[in-house]
Amino acid sequence: EEKEEDVLRDLRLFLRNIVETLLVERRFKIFSKPVDIEEVPDYMMVIKKPMDLSTLLTNIDEHTYSTIREFLADADLIWKNALEYNPDSDPLDRHIRHRASALKDRIQTFIRDGLGEDFINLCEEIKKSR
Ligand SMILES: CC(=O)c1nc(NC(=O)[C@H]2CNCCN2)sc1-c1cc(O)cc(O)c1
């Protein structure tokens, strides 16, 4: 039968595929690396927990996530932070908000299309049993 380690490996493969696909999309380039504090010095004053696609990938490789829910908590930070840091009618703010909204939708679609409800629940059960 499928061992717990097999389930968690399947989860990592699935999550790695999502993040690697997002990393090659040019419109998400701004979300691919940690925000450059030299360019936006006030960023850390506004955003409590920065997150980016390359950090997500490192976390996956370090077995940080044992459920979809834990991964989504970090993945959603990327677009939520961008919406929070870019609230103004300024054209650059709007541009980044559009990219953030597109990222939000892409992540949701990957999860909905890629995983069955039973796999999502199986990961939650394994986590509870540990
Ligand atoms: C990802 C992000 O949220 C981000 N937002 C920005 N917004 C602004 O600069 C808006 C804020 N409102 C006033 C007009 N300027 S710059 C920026 C950014 C992201 C990077 O990955 C590297 C980097 O050097 C900057």
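As the structure lists them, so they are numbered: ligands from 1, and atoms in each ligand from 1. The shown structure was predicted, so the numbers you read here are calculated from the model rather than taken from an experiment.
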Check ligand 1 against the protein and report each N/O to N/O distance under 3.5 Å, formatted as atom name, atom name, distance.
{"from": "ligand 1", "atom 1": "3 (O)", "to": "N86", "atom 2": "ND2", "distance (Å)": "3.3"}
{"from": "ligand 1", "atom 1": "5 (N)", "to": "N86", "atom 2": "OD1", "distance (Å)": "3.4"}
{"from": "ligand 1", "atom 1": "5 (N)", "to": "N86", "atom 2": "ND2", "distance (Å)": "3.1"}
{"from": "ligand 1", "atom 1": "7 (N)", "to": "N86", "atom 2": "OD1", "distance (Å)": "2.6"}
{"from": "ligand 1", "atom 1": "12 (N)", "to": "D93", "atom 2": "OD1", "distance (Å)": "2.9"}
{"from": "ligand 1", "atom 1": "12 (N)", "to": "D93", "atom 2": "OD2", "distance (Å)": "3.2"}
{"from": "ligand 1", "atom 1": "21 (O)", "to": "I30", "atom 2": "O", "distance (Å)": "2.9"}
{"from": "ligand 1", "atom 1": "24 (O)", "to": "E39", "atom 2": "OE1", "distance (Å)": "2.3"}

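Salt bridge status for D6 with R9: present, with a side-chain N to carboxylate O gap under 4.0 Å. Looking at R130 and E5, a side-chain N of the basic residue comes within less than 4.0 Å of a carboxylate O on the acidic one, giving a salt bridge.
Shown here are the salt bridge (charged side-chain N to carboxylate O under 4.0 Å, His left out) partners of K48, two or more places apart in sequence or in another chain: there are none. With sequence neighbours excluded, no residue satisfies side-chain hydrogen bond (donor to acceptor under 3.5 Å, both in side chains) with D118.
Between I60 and R16, the shortest heavy-atom distance links the atoms CD1-N, 3.8 Å.
Other members of the cluster containing V35 are I37, V40, Y43, M44, V46, I47, Y85, with ILVMFWY side chains joined at under 4.5 Å, either directly or via other members.
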